[in-house]
2 protein chains.
Amino acid sequence: MLTQQKTFTQQAVAVDVVLFTTIEDTLQVLLVARQQDPYAGQLSLPGGIVEREESVDEAALRVLKEETAITDVYLEQLYTFGEPSRDPRDRVVTVTYYALVNAEQLDTAAGSWHAVEELSDLAFDHQNIVQYAQERLRNKLNYTTIGFQLLPERFTLTELQNVYEVILGQRLDKRNFRRKMLQLDILEETDEFKINGRQRPARLHTFRQAKGMKLQERGLVVTF
Amino acid sequence: MLTQQKTFTQQAVAVDVVLFTTIEDTLQVLLVARQQDPYAGQLSLPGGIVEREESVDEAALRVLKEETAITDVYLEQLYTFGEPSRDPRDRVVTVTYYALVNAEQLDTAAGSWHAVEELSDLAFDHQNIVQYAQERLRNKLNYTTIGFQLLPERFTLTELQNVYEVILGQRLDKRNFRRKMLQLDILEETDEFKINGRQRPARLHTFRQAKGMKLQERGLVVTF
DNA sequence: ACAAAAGTGTTGCAAGTACACCCATGC
DNA sequence: GCATGGGTGTACTTGCAACACTTTTGT
């Protein structure tokens, strides 16, 4: 198979990953400080070069693992940027991904979280990539169940509504939201409650994939 | 800029394009017969290797130009396939696109049109790519105006409905369809009619982009 | 006059939106 | 007993789906 000599123009293929999480009513992305030029010292998305023996998806997962101790992640391809001028060093074609995790159960080694509404001065065109990922996430929230990827296994309906409000950037009506979620038939009540200071405890629910609503067409939920 | 030596793993980057058109109540794709192994003699999508000095989008346009005398085309990136085993010769990362044209005003040199419902034995994983492109097209039809890309500049409402029926794979109610289209406020009546044999002539309309409905987020409408 | 496609309105149903009060708990 | 978020139902509006007949032309 691989005996034939390479005859094709060769170039570098990279991956960049927009890793989202929700922390206290804001949507955040994981960023790392660049060590080298170009853009040394500035913040950038975690990324890396795709090696010859791995798939592009695997490269994206590897990059995530290098930055965080991720155990469970939703990962979906976003867009491929192929302008020759993107990286000043060399021609690089970059395949971008976005990913969703629940930050509570996560150690992040190298990177740090930043609110998407307050990003500035990212390296390369990474600010645009984050913005595009946010648009995609916003759209998908309305016809898939990816929102649940940002929550722990058991969650309250208020926490769920919070995820929707943070991503959509607007307040939602509590009664309408709950009715809609419940009639989708994707939630399971538990017998447990979350005690939250001095208010009435909130019932915990779990997510169960149900008829009619699909998670995605082309996305991976990976458990290491 | 480009003075620094390449330090990255290099590999081949290719583009494949799914070019759709509608011909007599069927959705068709442009296919070419492969001259060389692998898959010599089988039909495949038009494609090619991305050269170092062109962007990936430009490579897709170049491929289209090589196969057809295209003058006006809607082109949108579809998905990037990066499994090491896709091409048996060498590691190739393939960026796929789909495109829409009105076949009437088009010379196709090398390729030929094939009904998407009757494809068999395509090279590589091209059958899957066509299927995925079809899904994307179907979805986008419902919230964008890409359907108009398959029509000539002036068209009848019946022709428009036909495009929708062919892509969605189902019959639509004439009255509901017309009402919906008209209230979108994207059609312009002309004073001309299309005479179609021995029936009542149909009024020709033109498309004008209007408020509220966008053509796409990330698509190109290119005029050469 | 007839065949064949163009063109035109109304009604019922479902989904979405707006809106306000009682409940359970900790302090 | 009061402050705090948890939890619940109804009325209105809007968009979608179903449905049949008249008009214009060519032969």
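Throughout, a chain's letter reflects where its sequence line sits, starting with A, and its residues are numbered from 1. In what follows, every heavy atom counts, from backbone to side chain, and hydrogens, waters and symmetry copies are set aside.
Within the nucleic acid shown, B:K180 has no heavy atom closer than 4.0 Å to any nucleic acid atom.
Proximity of B:R178 to the phosphate of C:dG7: a side-chain N or O atom is located under 4.0 Å from OP1 or OP2. Listed pair B:T158 / C:dA6 meets the phosphate criterion, a side-chain N or O lying under 4.0 Å from OP1 or OP2.
Taken residue by residue, residues 195-205 of chain B places heavy atoms nearer than 4.0 Å to DNA chain C at B:R198, B:Q199, B:R200, B:P201, B:A202, B:R203.
Checking A:V15, A:V95, A:V56 one by one against A:Q77, the side chain to side chain contact (heavy atoms under 4.5 Å, CB included) holds for a single residue, A:V95.
Relative ring orientation between A:F148 and A:F207 is described as parallel, the plane-to-plane angle staying below 30° on a 0-90° scale split at 30° and 60°.
Sorted by first then second residue, the salt bridge (Lys or Arg N to Asp or Glu O under 4.0 Å) pairs that include residues 158-168 of chain A, not counting sequence neighbours, are A:E159-A:K194, A:E165-A:R171.
Along DNA chain C, the nucleotide nearest B:N176 and the nucleotide nearest B:E159 are compared for position; the residue whose nucleotide lies closer to the 5' end is B:E159.
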Legend entry - From CA spacing to verdict: salt bridge (charged side-chain N to carboxylate O under 4.0 Å, His left out), A:E58, A:R62: CA-CA 6 Å; A:E58 284 161 359; A:R62 176 173 53 75; over 6 Å; no
Inset, instruction - Evaluate the side-chain contact (heavy atoms from CB on, under 4.5 Å) criterion for residues B:I167 and B:L150: first the C-alpha distance (whole Å), next the side-chain angles of each, then the deciding distance (0.1 Å), finally the verdict. - result: CA-CA 11 Å; B:I167 293 173; B:L150 292 164; 3.6 Å; yes
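A straight line from CG of A:D173 to P of D:dG6 spans 14 Å, rounded to a whole angstrom.
Checked for salt-bridge contact, A:E76 and A:R136 meet the test: a charged N lies under 4.0 Å from a carboxylate O.
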